[in-house]
Amino acid sequence: MGAQWAETVRQKRRSPGFAVCVNLLAMAVMVLLMRPSFETNDDIVFAEFGSGLRGVKDAHLVFQNYILGLLYRLLYQVTGRLPWYTIVQYAVLLAAFSAVTYVLMNRLEGYSGLYLSVIFLCCFGYEAYIHIQFTKTAGIAAGAAVFLLLYLVSRERFAVWEFLWGISLGLLGFLYREDQFWASSALMAGAGVYFLLTLRKKYPGKQLRKLGICAGSFLILLISVAAVGAVDSHMYDESQWKDYQEFNGLRSKLLDYGFPDYDSSMEIYRELGISREAYELYKTWNFNDPERFTADTMEELVQEKAGRTFHISQVISFLKRFPSDLSKLSMAWFGLAFLAAWLIFARKSPGAAVSLLAEGILLCAVYFYLYYQGRYMVNRVDVGIWCSVCLVVLWIISDGRSLSGKAGVILCIIVFAASQLMWKDDWRITTASIPEARVSQRAVLETIGTDKDHVYLAKSGTVSEIVCYGPFDRMPENLLDNLYWLGGWECRTPGIVKKMEEHGIVNPYRDMINNDRVYLIDNQIDLTLAYIRQYYDRNAEAVFVRTLGNVDLYQIKS
């Protein structure tokens, strides 16, 4: 029976089903060993818009494509008892990792592709499945799509289902995060360079045909992403969403990339009527004052920052930092490990060396752009970048001789053991207190959610759904339709604004004064009170109501 099973596996090892089974097993092992979580608040907000936790169901996800929002809404309508946001993301990741395994198993003899796939999963599966974040998913899907499409072009026989798999992965990467799709796809250029340099030798007399298939495949991908991008843009044509998009673009430039320093730009702040207290509130994400923190105000602050122009000194400053910064990045060590594998095990050639050199130059260019833009060394971006770099090295390695069985197994064991240095913080045994903390914090939110006689306004950092709900927890529909934050990119989306207006709140800072229905959740009440006194009511006082769990509730009276 054992011999028969081994023979069956040997015969099926090049099939997509084998690749999917391997990756399902790897995903199950990771989820059983470790406790998944959302890396940022963004993903949980997307899940809320699908499940309706905050009383708003909206397919406008701002940072993800509208089509994905429609998918979430449809699935949550089928049954809100399942965490569809997480399930969909896991399915995309599974398809991406399976594509990598499938290509490696078919480009290498024996089980060499399996060994390399296990190593690749040890490097990137943790970041994908355990620290879930949609930008990472976009990068991994985009890199895997190009990897699979290049394999399709390199084959003797064109397979429609492989083509559809690759195009679908590319589209999904674009739907999750457009910017990351372009960055991760561009960083697959090293594999493209290697393909072009080896074209004549590998496909004598067929170069033009292969180039045509390659150009056609990627052109169809580009047309497809352009089409879904046009659909997404069209869905924001309404005036409310246009106003929000303008606001959000300016907000991002300030909140994500930093406000002008208050002391250095005091004159402009005074002209705009922004006190130091207001500055402190706004930059800590408590900016939801539609009367004072307006698009015009933000435009002035953005212009104040725009004095920065490109100078060669910025390149020098970047080059001084870049090598040492990479040494602190686990993703970069993964890239070095795959490069070492190429040096030790793979066939060396001038084409491979040129391709890797081109990839290194492109990598430096991408990081300098991120440095210049103020998005330098952000983990969720780095994962997609280094995933593509490692896939380029894997493409070159898989064009050479296969690993021996013993070497492959030993490498897998070493990499898996080493990965535990990174995984240990998320082992279930070391995170046993997290479920208790979630239950405790969830009790606070559920108490708030069941008190429909009051509206709760929360300062950023006081209460958070990310503490209360894990990726696989159910979010009850409409539970928090009476809780609103004074910050967050979603706080001025049309759906949230409409729900607040139904509660009689247009400007939270003004409308909480002498409003018996409104409770304020605050961890810096003196700062908030100083702001309200400066701009809305000089006689305002904070009246302590009670402590709920680990947060204090206040009412503002005059």
Side-chain angles (χ1 to χ4, degrees), residues 9-31 33 90-130 136-137 139-152 154 162 165-166 169 184 188 191 331 334-335 337-342 344-346 383-384 386-420 422-423:
V9 170
R10 188 189 67 77
Q11 293 176 356
K12 299 291 185 181
R13 69 179 186 270
R14 295 180 185 271
S15 70
F18 178 83
V20 171
C21 287
V22 166
N23 282 276
L24 268 174
L25 179 61
M27 181 178 71
V29 168
M30 288 186 184
V31 172
L33 283 177
Y90 267 50
V92 173
L93 290 166
L94 176 66
F97 284 121
S98 297
V100 173
T101 302
Y102 173 74
V103 171
L104 292 175
M105 290 299 296
N106 280 273
R107 277 174 65 84
L108 289 164
E109 294 297 324
Y111 291 97
S112 295
L114 179 60
Y115 305 142
L116 291 173
S117 292
V118 170
I119 294 169
F120 184 74
L121 279 165
C122 285
C123 293
F124 293 98
Y126 166 80
E127 288 286 353
Y129 292 126
I130 306 305
K136 296 180 189 177
T137 302
I140 292 168
V146 177
F147 197 70
L148 180 57
L149 289 174
L150 277 175
Y151 169 68
L152 173 68
S154 68
E162 288 176 352
W165 188 359
L169 274 177
S184 294
M188 292 298 296
M331 301 294 109
F334 298 159
F338 280 106
L339 185 62
W342 171 72
I344 296 169
F345 297 105
V383 169
W386 285 97
C387 177
S388 291
V389 171
C390 291
L391 285 175
V392 168
V393 181
L394 281 175
W395 180 263
I396 295 171
I397 290 175
S398 61
D399 191 42
R401 60 179 179 270
S402 302
L403 298 175
S404 69
K406 288 183 179 179
V409 171
I410 291 170
L411 274 176
C412 288
I413 292 172
I414 291 173
V415 172
F416 181 78
S419 69
Q420 302 312 302
M422 184 170 61
W423 294 7

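Heavy-atom basis, side chains included; hydrogens, waters and symmetry copies ignored.
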*Asks:* Taking atom CE of M105 and atom OG of S98, what is their separation to the nearest 0.5 Å?
*Replies:* 12.5 Å

*Asks:* Please report the interatomic distance OH(Y129) to CG(L121), rounded to the nearest 0.5 Å.
*Replies:* 6.5 Å

*Asks:* Are any non-hydrogen side-chain atoms of C21 and F18 less than 4.5 angstrom apart?
*Replies:* no

*Asks:* Quick one: OG on S419 to CE on M30, what's the gap to the nearest 0.5 Å?
*Replies:* 7.5 Å

*Asks:* Identify, with sequence neighbours excluded, every residue that meets side-chain hydrogen bond (donor to acceptor under 3.5 Å, both in side chains) alongside Y102.
*Replies:* E162

*Asks:* Taking the side chain as every heavy atom from C-beta outward, state whether V31 and Y90 have any atom pair closer than 4.5 Å.
*Replies:* yes

*Asks:* Calculate, to the nearest 0.5 Å, the distance between atoms CG and OG belonging to N106 and S398 respectively.
*Replies:* 10.5 Å

*Asks:* Tell me, please, which residues at least two apart from A337 pass side chain to side chain contact (heavy atoms under 4.5 Å, CB included).
*Replies:* none

*Asks:* Cation-pi between R13 and Y111: NZ/CZ under 6.0 Å from ring centre and within 45° of the ring axis?
*Replies:* yes

*Asks:* Once the angle between the rings of F124 and F334 is folded into 0 to 90°, is it parallel (under 30°), tilted (30 to 60°) or perpendicular (over 60°)?
*Replies:* perpendicular

*Asks:* Which heavy atom of A145 sits nearest a heavy atom of G166, and at what distance?
*Replies:* CB-O, 3.4 Å

*Asks:* State which residues pass side-chain hydrogen bond (donor to acceptor under 3.5 Å, both in side chains) with S154; sequence neighbours excluded, sorted by chain then number.
*Replies:* none

*Asks:* Which value, rounded to the nearest 0.5 Å, describes the distance between I130 atom CD1 and W423 atom CH2?
*Replies:* 8.0 Å

*Asks:* Who passes side chain to side chain contact (heavy atoms under 4.5 Å, CB included) against I414, sequence neighbours left out?
*Replies:* I410

*Asks:* How would you list all residue pairs meeting salt bridge (charged side-chain N to carboxylate O under 4.0 Å, His left out) that involve residues 114-128, not counting sequence neighbours?
*Replies:* E127-K136

*Asks:* Please report the shortest heavy-atom distance between C122 and V415, naming the atom on each side.
*Replies:* CB-CG1, 3.7 Å

*Asks:* What residues, two or more places apart in sequence or in another chain, satisfy ring pair (Phe, Tyr, Trp, His ring centres under 6.0 Å) together with F338?
*Replies:* none

*Asks:* In chain order, what residues pass the side-chain hydrogen bond (donor to acceptor under 3.5 Å, both in side chains) check against T101, with sequence neighbours excluded?
*Replies:* N23, S117

*Asks:* With a 4.5 Å limit on heavy-atom distance, are the side chains of W342 and L339 in contact?
*Replies:* yes

*Asks:* I want to check something: taking the side chain as every heavy atom from C-beta on, are V118 and F416 in contact at a cut-off of under 4.5 Å?
*Replies:* no

*Asks:* Specify the closest pair of heavy atoms between L150 and A191, including all atoms of both residues, with the distance to one decimal.
*Replies:* CD1-CB, 3.6 Å

*Asks:* Not counting sequence neighbours, which residues clear side chain to side chain contact (heavy atoms under 4.5 Å, CB included) with A341? List them please.
*Replies:* F345, I397

*Asks:* Which pair of heavy atoms, one from A144 and one from A96, lies closest together, and at what distance?
*Replies:* CB-O, 3.5 Å

*Asks:* Run the side chain to side chain contact (heavy atoms under 4.5 Å, CB included) test on L104 and Y115 for me, step by step, so that the C-alpha distance in whole Å, both residues' side-chain angles and the decisive distance to 0.1 Å come before the verdict.
*Replies:* CA-CA 9 Å; L104 292 175; Y115 305 142; over 6 Å; no

*Asks:* Less than 3.5 Å apart, which donor and acceptor atoms pair up between the side chains of residues 387-396 and the rest of the protein, not counting sequence neighbours?
*Replies:*
unit_1 : atom_1 : unit_2 : atom_2 : d
S388   : OG     : S184   : O      : 2.8
S388   : OG     : G384   : O      : 3.4

